[in-house]
Engineer: 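Take a look at this one; I'll ask things after.
Below, read A as the first sequence line, B as the second, and so on, with proteins coming before strands; counting in each chain starts at 1. Computed from a prediction, not measured in an experiment: that's the story for all the values here.
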2 protein chains.
Amino acid sequence: MTKPRSRRGGGRPTIADVARKAGVGAITVSRALREPERVSEELRRQILAAVDELGYVPDPNARALASARAEVFGVLVPSLTNNVFAEVVRGIYDSLSDGPFRVQLGNTHYSGLEEERLLQVFGSQRPAALIVAGIDQTPTSRKLLENAGCPVVQVMETGPDPVDMMVGFSHLDGGRTATEHLIEMGYRRIGFIGARMDPRSQRRLAGYRVAMEKAGLLDPRLITTTPVLSSVSLGRELFRDALAKMPTLDGVFCNNDDIALGVLFECHRASIDVPKTIGIVGFNDLDMMQVAFPSITSIRTHRYEIGRRAVAMALAAIGGNRPEQRVVDLGFELKQRESTGRWSI
Amino acid sequence: MTKPRSRRGGGRPTIADVARKAGVGAITVSRALREPERVSEELRRQILAAVDELGYVPDPNARALASARAEVFGVLVPSLTNNVFAEVVRGIYDSLSDGPFRVQLGNTHYSGLEEERLLQVFGSQRPAALIVAGIDQTPTSRKLLENAGCPVVQVMETGPDPVDMMVGFSHLDGGRTATEHLIEMGYRRIGFIGARMDPRSQRRLAGYRVAMEKAGLLDPRLITTTPVLSSVSLGRELFRDALAKMPTLDGVFCNNDDIALGVLFECHRASIDVPKTIGIVGFNDLDMMQVAFPSITSIRTHRYEIGRRAVAMALAAIGGNRPEQRVVDLGFELKQRESTGRWSI
DNA sequence: ATGGCGAATGGTAGCGCTACCAATGGCGGC
DNA sequence: GCCGCCATTGGTAGCGCTACCATTCGCCAT
């Protein structure tokens, strides 16, 4: 004594409707959709025709419940507006858009606690894979990732102890390379300016320290940082602070390109010659760096590619052939531009 | 003859485990979690204790399947890296982070077809609400939105014919205000420079046309556009094109701030005085506009607030009290800065 | 002829949760 | 004292799909 039709559902067609229309069993429809090669060509055609005619779209919730596995990639980033993470996320979306997988995006706001909460929530969905930014998870988060029961990719950085897989590059090397470049170009009193000192920024600073130490140039008064969120205007302010503290400054390595741009604008405003009086290096190499006047030297990082590669590795792992190389270092490139051309311009 | 324990699930606790531990029925646990006021205080306490002890997290898929309603907000934007949409999305996430709702984000890449596809996919999940950017949906998309069976909020723009609700502002008025400002400040041969001419950019251009027409200054050769994706470097190139086409140009209204920044940098490079020789107005008022040298006049738009408001309206509608004002115009502000101070600097 | 094997298809029994109704018990009104 | 009502709580029956076993059939080896 079944009711006329689905009691609660909005009357949308179900797999049973398709099966009836195509004159097959429901399970065959299910197979035709998920593993077409396991169904004879003729039935497959009939089924797809019925799907089309009814406008059937599988219910992902029912699917997830029945198979104990949701076709969802959980993605955790610390910021949605920071261009760097936006690019990573774009890479992830672009790589996933033509497959069956959805993306579940979470914003941790650079908070370990928030990350734990989101991992808890994401875990409850039994995602197909997890992609998380950074390698400095709290012990609790790390445990959650290890017990997630799905491939995990840590992105943005590489490190010695992956939960599962990693795609990124060494921020320490990036910071060192940037600083060494300034030294090579003849700058001596080189400052570090950094906002929102997250672990990656800390490692860039560490790279700066290594290079300065090696050259015998390190002076703690050269370092200006703040935990405040990064922005162009903050770059300007920090640069003024740095100059006030150390008027003989002749170069700055900036935490990121926003800060570098703020420094450049302040130099314009204060009629400080770039690159003669001050050399500037940014980090990430946003599009605007090569357009700025003078154009700004920066460390180009491969954000979009990190997103793509993370998905590729996760998909491989889901498909059963876990890549042998579990930690992928995509490196970076020093893009030398006018802002550090002390002698050549 | 039931099997020892959940056959497929990874052994995570279910609502039945909690019910057993608390000595109540499963349905009571369900209620204690969703409508606590309907369960006596004592039982509620016992149940929450059991939940805590077992580390129970409800399975959103099972929930969605049983209630025919997923606790998901579907969000469609044309770009993930464009700061404007990133801000809207951030507002949405921030407003939703402490409730039960998840966000399902889709990137349409400015494609109507992609939008249709994503709406199809999103619809299959029976979301709690849909938030879509723009008001120019294809007929198919519009139909999908109308039949979604949930609150729908169109964001970024306002218009006469909402599918359901709207939050945004008038891009035409914004374009007109920006152009009128240039005219008032004494500029006459004012160009329009625009990249990726999506419907909103088109309307800003229309606003420019209205203002120029009214002042008797309109000349089609003043308009330079391209369908290419916007960027700072593109702004520089388009400005060079515009100047080549019309060397007597004395002002530009830019489609957006990236373009404006590109124009500013090219002016620096070509030693064109801003604002004396050329006045510049941007659109959106990103942080860097007020830091640039000279600082750049722009139309400040309230992106973050649009995201927040859209969620607030959707939540109200879900809660049963649909706001009486279905179209909310959040307006914009002209931020006058140095880049248009022809006589005053 | 018989058995066995693989390919194709189907039936059944859930996945974990909630809608719907039923049941229980306390209490005030008549 | 009986009825009805409200406040609580529970049982049952799915939601739409897929995992896990059949089952069927053709075909080849023995």
Side-chain angles (χ1 to χ4, degrees), chain A residues 1-20 22-47 51 54 56-71 100 123-126 128 149, chain B residues 1-20 22-47 51 54 56-71 100 123-126:
Chain A
M1 211 185 79
T2 30
K3 304 272 167 52
R5 258 291 289 285
S6 63
R7 179 168 46 121
R8 305 172 198 163
R12 301 169 351 142
T14 73
I15 202 170
D17 299 323
V18 176
R20 207 172 309 124
V24 300
I27 187 67
T28 306
V29 175
S30 176
R31 272 198 284 259
L33 262 29
R34 290 176 303 136
E35 320 166 82
E37 72 284 358
R38 290 199 41 198
V39 174
S40 71
E41 201 181 317
E42 195 190 319
L43 272 193
R44 203 189 315 155
R45 249 203 310 273
Q46 282 176 43
I47 290 170
V51 164
L54 294 173
Y56 169 72
V57 184
D59 181 332
N61 298 119
R63 212 169 233 195
L65 185 58
S67 63
R69 183 53 70 207
E71 289 179 322
S124 70
Q125 298 185 65
R126 306 153 181 280
Chain B
M1 210 184 77
T2 29
K3 303 270 166 52
R5 258 291 288 283
S6 64
R7 179 167 46 121
R8 305 172 198 164
R12 299 170 351 142
T14 73
I15 202 170
D17 299 323
V18 177
R20 207 171 309 124
V24 299
I27 187 67
T28 306
V29 174
S30 177
R31 272 198 283 260
L33 262 28
R34 290 177 302 136
E35 320 166 84
E37 72 285 358
R38 288 198 43 198
V39 173
S40 71
E41 201 183 315
E42 196 191 318
L43 273 192
R44 204 187 316 154
R45 248 203 312 273
Q46 283 176 42
I47 290 170
V51 165
L54 294 173
Y56 168 71
V57 184
D59 181 331
N61 297 118
R63 209 168 235 195
L65 184 58
S67 64
R69 181 56 68 208
E71 290 180 321
S124 69
Q125 298 185 65
R126 305 153 181 278

Engineer: Specify the separation, in whole Å, of atom CZ of R20(A) and atom P of dG16(D).
Structural biologist: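 The distance from CZ of R20(A) to P of dG16(D) comes to 12 Å, rounded to the nearest Å.
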
Engineer: Please report the distance, rounded to the nearest Å, between CZ in R126(A) and C1' in dC17(C).
Structural biologist: 13 Å

Engineer: Which residues satisfy the salt bridge (Lys or Arg N to Asp or Glu O under 4.0 Å) test with E37(A), sequence neighbours excluded?
Structural biologist: none

Engineer: Who pairs with E71(A) by side chain to side chain donor-acceptor pair (under 3.5 Å), at least two apart in sequence or on another chain?
Structural biologist: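 In terms of side chain to side chain donor-acceptor pair (under 3.5 Å), with neighbours along the sequence ignored, E71(A) is linked to no residue.
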
Engineer: Using a 4.0 Å cut-off on heavy atoms, which residues in residues 57-64 of chain B reach DNA chain D? List them by number, or say none.
Structural biologist: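 Listed by number, there are none.
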
Engineer: For residues R69(B) and R126(B), report the shortest heavy-atom separation together with the two atoms involved.
Structural biologist: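 Here R69(B) and R126(B) meet closest at NH1-O, 2.9 Å.
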
Engineer: Within this structure, what is the CG-to-C1' distance between L65(A) and dG14(D), rounded to whole angstrom?
Structural biologist: 12 Å

Engineer: Can you pull out how bent the helix from dA1(C)-dT30(D) to dC30(C)-dG1(D) is, comparing the axes over its first five and last five pairs, to 10°?
Structural biologist: 50°

Engineer: Mind listing the residues from residues 28-42 of chain B sitting with a heavy atom below 4.0 Å of DNA chain C? Number order is fine.
Structural biologist: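 Of all residues in residues 28-42 of chain B, the ones placing a heavy atom under 4.0 Å from DNA chain C are S30(B), R34(B).
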
Engineer: What's the separation between atom OG in S30(B) and atom CD1 in I47(B), rounded to the nearest 0.5 Å?
Structural biologist: 10.0 Å

Engineer: Hey, what do you get for CG (L33(B)) to CZ (R31(B)), rounding to the nearest 0.5 Å?
Structural biologist: 12.5 Å

Engineer: Does CD in E35(A) sit with more than 12 non-hydrogen atoms of other residues, nucleotides or ligands closer than 6.0 Å?
Structural biologist: yes

Engineer: Do you know which two heavy atoms are closest between G25(A) and A19(A), and how far apart they sit?
Structural biologist: C-CB, 3.8 Å

Engineer: Write down the distance between CD (Q46(A)) and P (dG10(C)), rounded to a whole number of angstrom.
Structural biologist: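 In whole Å, dG10(C) P and Q46(A) CD are 10 Å from each other.
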
Engineer: To the nearest angstrom, how far is I47(A) atom CD1 from dA8(C) atom C1'?
Structural biologist: 11 Å

Engineer: Counting only pairs under 3.5 Å, give me each side-chain donor-acceptor contact of residues 56-63 of chain B, with atom names and distances, residues two or more places apart or in other chains.
Structural biologist:
{"unit_1": "D59(B)", "atom_1": "OD1", "unit_2": "N61(B)", "atom_2": "N", "d": "2.7"}
{"unit_1": "D59(B)", "atom_1": "OD1", "unit_2": "A62(B)", "atom_2": "N", "d": "3.2"}

Engineer: So does E42(B) have more than 12 non-hydrogen atoms from other groups sitting under 6.0 Å from CD?
Structural biologist: no

Engineer: Starting at OG1 of T28(A), measure out to CZ of R38(A) and round the result to the nearest 0.5 Å.
Structural biologist: 10.0 Å

Engineer: Please pick, from dT18(D), dC17(C), dC15(C), the nucleotide with the shortest atom-to-atom distance to any side-chain atom of I27(A).
Structural biologist: dT18(D)

Engineer: Rounded to whole Å, how long is the line connecting atom CG of L43(A) with atom P of dC25(D)?
Structural biologist: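 Nearest whole value for this atom pair: 15 Å.
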
